Structure formats: structure tokens, C-alpha cells
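In this text, all values refer to a predicted model and were calculated from it rather than measured experimentally. Chain letters run A, B, ... following the sequence lines, proteins first and then strands; every chain starts at 1.
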There are 2 protein chains.
Amino acid sequence: MNFDIRMAHLFSTLDDNQVRQVMESSHISTLQDGESLFETGDEANRFFLVIGGQVKLFRVSSNGDQKIIDIIQPGNTFAEALMFMEHPIYPVCAEALGPAKIISFDSKRFLQILSQSFSVCFRIMGTMSQRLRGLIKEIDDLTLQSATTRMCAMLLRRMEEIGKPHFTLPAAKGVLAARLSMKPETFSRILQNLSSKNILNTKGNEIHVIDAELLRSLAHLESVLGLEPEVHCALSSAKSLHSD
Amino acid sequence: MNFDIRMAHLFSTLDDNQVRQVMESSHISTLQDGESLFETGDEANRFFLVIGGQVKLFRVSSNGDQKIIDIIQPGNTFAEALMFMEHPIYPVCAEALGPAKIISFDSKRFLQILSQSFSVCFRIMGTMSQRLRGLIKEIDDLTLQSATTRMCAMLLRRMEEIGKPHFTLPAAKGVLAARLSMKPETFSRILQNLSSKNILNTKGNEIHVIDAELLRSLAHLESVLGLEPEVHCALSSAKSLHSD
DNA sequence: TTCGCCATTTGATGAAAATCAAGGCCCAAA
DNA sequence: TTTGGGCCTTGATTTTCATCAAATGGCGAA
């Protein structure tokens, strides 16, 4: 296996020797769709790097609903923050979303390397800092915004990521719904609604955005709320989205 | 001022010399109730330690609603995670909840000290790790649970913190409502509801829990995080959980 | 004490999203 | 080709909570 872990941000400042040390404790796994990597409450003495496919992190409520916390893409690490706790326990479940390939690393071993290199320390702190920021944003999304707003924001992110108004949804609709904290039915209805407003077209998992401006105004509903009168048209059409 | 910053977890492993260095860039402020420390979007070149009173961290939507992210108790630091970002910007607003006393520190200066001491590095990583966990737990609360569930969980936490079924709410009801992402009206109604079911009695800000078991079952508490013998930042009001 | 300003409570109403229940679609296996 | 099982969609209904509006109550200042 000649995959260079330095492609991952976390490992990018390691020298050859350090990479070798890290790799000594590593283990590559290939996962089937839906195969579990770890569960909430498991002892967390390893962390992970996705090198193929996707891994979803989620929590399960007592009624069986899943809230997807994050979907980890290839090249990204996860669960590395836990190595700094005394009795680390995974606070989420992780399982493959489709077939996936991952490398796992021994946390203790990595801590040893960490204690030799400030640059790696700083690197990891930067990563954690970003994650913190991301989670705050997430809380923001969940509390200050409606399901429609979240949907529009997601579509816009995806659109800008691709760079074209025509793109494919990054996962099955049901999965995205869980990611956005709504039921599949709601997801479907909102999409259908946006479509009926001629803001976009859908065909299966293909999305074609027609009116990106309107979409944007829906996604930024709140920041728009207090502003100029002219945005009111966009706003009012936003409000009427659900009422007819 | 002879307050020893080593009381704070983050500084606990500093030697006298390092403490002196850190203090050189520090600044003590006394805040009135409601006085702002910083706002979302401000350049973040300082971080803070609360030594008296409380500081609330929150985000604001344009309609004026506040979502309280955290309430920082004396002895705790906040905004320290930002020093690892390239162009650090506070992602939340901070203001005093009642009169408060805080010390601020220069981030750059502290980074220098950090680059001399692995123990401080590890310390800060541990802190960040806990914050991450806390935020995940938060997302959990916001999505998988109803307003009543959140209320019950909060009451239980508070009860266990105090150790008696009779206690005082840790802040004004309106503030707690925002902390739990609900309107004051809803907060009031839920409390009234619990009371009418003889689960608890209320009188002003005094709560007397009658049926803790029932309360617990309403909170749907999966003991996912139940076993956490550790640090606990007992001061901070609930939170702690994350991997990524 | 009275006044006025708060935070809180209470009631009535409405809107968003969950839930319940079918039904349709697509694809893959028989 | 037919069949069956995931997904997704659609419709009807219900629940939860926000919103609007109007008391109530406490507490400090005049």
C-alpha cells in the first residue's frame, strides 16, 4: 500500500521517519455499505483516515432515528480529537456509506509522535479549531433556520462546490434528509416546492438550479430580514413558499 | 490582583516563569450586566478567562433572537481555540450575564509559550476535545429531542449537580429558554405542565423535584455518556462530548 | 407607598414539520 | 418478463411550538 498519508492535512508536516512510525500502528480496512466501524460508547483508542468512499458519523435516538453529524470524505481524518481524553469513548457511531476504504491508527502511538513535534501539534489544534467552528455553524443552522433554509443552503454549497448550476446530490435523499435534520417526506416536499416555484428542476438525484439568486435569498433569509425594502419581494416569495 | 490563573485547567501546567510571561499580555476587565466583550465577526486576537460572574456566548438572528451556545462559569477559559486559525474571527458574541470579571490574554503571546511546552499543548488539545464533545452533545439535544425532553434533561443535570431534589435555576428563565432553544412562553408552559403532573413544584426560580424517575424517563436519557468519571469542568453547565 | 418597568404567565391562534398511510418508481433477481 | 423490495413521493391528519396579545406579579426608584 503506497498511499501517502501526508495527503491528509493532519499528517502533512510529518517527515519520512515519522510517517513510518505512524504507519507501523496502522491498519487498512475495506468496508461494505452500512458496515459499522465503531459505535457510540466504544472505547476510542484508534482514529481514522478515509481513503475511499464515505463514512457517516451519526447518533441514534431512542426511537431509532439517526441524526447524521457529518459525512467524512476521502482524505479526511476523524475521531482524532478523542486521543486527548483520559478515558476516550466514541460519542458517535460510524459506518460506511457505500463501500469504503479506511486506515486506522493507534492513538497512543500517535501521541508519542505528537510529543516530538510542535508543528504537528499546531496542525492538529488548527484542525480541531476548524471543527469547532463547523459545529457552531451547525448549531446555528439547526436552531436559527427552517427546514427550507437548511435545504437551500445545502443546495447552494453543493452548487458552488461543483461550479455549475447542474449537479448531482452527494448522497441518497434519505441520507441528506437525516443530515439536514428532517424527515424524508419533508425533504421531498421542499424540493417539490422549490421546483414548483421554478427555482430549480429535479430529475432523480440531478438538480438544475434555475434561479440561484432566489435560492440564495431563501438560504440567507435571516440576514436579509432586517435589510432594504427591495429585498422584500424576494422575502415575500420566500414566505409564500409553503403557504400555497 | 493575586488571582492565580493556574486555577484554570488550561494554565495548570505552566511554571512560574511562563505564568509571568502570560500575565504580561493580560488585561483584567470588569463588566456590567449585558456589557459586550466581543461580537460575531470581530477579529479574534485575544482569549478569555472568567474569574467572576458569568459570560454568555450566543449567536443572533436578524429578528433579534439569541441562541445561547454556552454560559461560561468562573474558572473557565473561552475563545482559546481560535488562536490556531489564520485569520481568527469570533464565531459568536460574548457578553456578561450579570456583573462579571474577566481576564483577557494575547493569543500570539500565548502561542509562543505553547511552542515551548508540550504539556500545555496537550492540555489545550484536551480542552478543545471536550468542547467538541460538548458541541456534539448539543447538536444531539437540538435535533433528537423535543422541547420537553431538553427541559427535563436540563433539570436533571442541575439536580445532580446540586445533589438535592430542591434547587434554584442557574439563571433567569428567559435566559434558560434561549439556552434550550425555545421561547420563554414555551419554557413557562412546559414547567407548568410538569408541575400539574406532580413531577415537580416550582416557586419563582426554586424547583423541587418530586418524581425524579419520571423526570428521567421523560428526558429519554440514553446513558450513552453516562459513564464519564473525568474532569467534568463541573462549573460549566452541561456539555461535553465529541469526536469528529 | 405608588408608579412603572421588567420578566413571567396565560390564552388563542397559526404555521411548520412529523406522523400515518398509501401509492408509484426503479432496478435487480428469479 | 415478472416479481419484489428499497426508496421516494403524495395526501391527510396531528403534534409541537412560535406568534400575537393580554394579564399578572415582583421589585426598585421616586
Main-chain N/O of B/Glu213 paired with B/Asp211 side-chain donor or acceptor, under 3.5 Å
yes
Side-chain contact check for B/Ser188: nearest option of C/dA18, C/dT9, D/dC17 is C/dT9
Compare the minimum distances between each of D/dA18, D/dT10, C/dA17 and the side chain of B/Lys183, then state the nucleotide with the smallest one.
D/dA18
In whole Å, I'd like the distance from the NZ atom of A/Lys203 to the P atom of D/dT9.
14 Å
A/Ser146 side-chain proximity, nearest of D/dT19, C/dA17, D/dC17
C/dA17
Just compare C/dT10, D/dC8, D/dT10 and give me whichever is closest to any side-chain atom of A/Arg189.
D/dT10
What is the distance, rounded to the nearest whole Å, between atom CE of A/Met182 and atom P of C/dA18?
8 Å
Rounded off to whole Å, could you give me the CD1-to-P distance for the A/Ile190 and D/dT10 pair?
14 Å
Atom CG of B/Leu176 to atom P of C/dT9: distance rounded to whole Å?
11 Å
So does A/Leu156 get a backbone contact from the side chain of A/Arg216, meaning a donor-acceptor N/O pair under 3.5 Å?
no
Give the rounded distance in Å between these two atoms: CG of B/Asp33 and P of C/dC6.
12 Å
Under 3.5 Å donor-acceptor pair, B/Arg150 side-chain atoms to D/dT16 base atoms
no
Would you find a donor on one side and an acceptor on the other, under 3.5 Å apart, between the side chain of A/Ser129 and the backbone of B/Ala81?
yes
B/Leu180 CG to D/dC17 P, straight-line distance once rounded to whole Å:
12 Å
Do A/Glu185 and C/dC20 share a donor-acceptor pair, side chain to base, under 3.5 Å?
yes
Apply the test side-chain contact (heavy atoms from CB on, under 4.5 Å) to residues B/Leu180 and B/Met154: give CA-CA distance (whole Å), side-chain angles for both, the deciding distance (0.1 Å), then the verdict.
CA-CA 8 Å; B/Leu180 298 176; B/Met154 184 273 288; 3.9 Å; yes
Return yes if some donor-acceptor pair links the side-chain N/O of A/Arg59 with the main-chain N/O of A/Val92 below 3.5 Å, else return no.
no
Rounded distance (Å) that lies between atom P of D/dG25 and atom NZ of B/Lys173
14 Å
Given atom CG of A/Asn205 and atom P of C/dC26, what is their separation to the nearest angstrom?
13 Å
Name the nucleic acid region contacted by A/Thr202, choosing base, sugar-phosphate or nothing; use a 4.0 angstrom heavy-atom cut-off, strictly under.
nothing
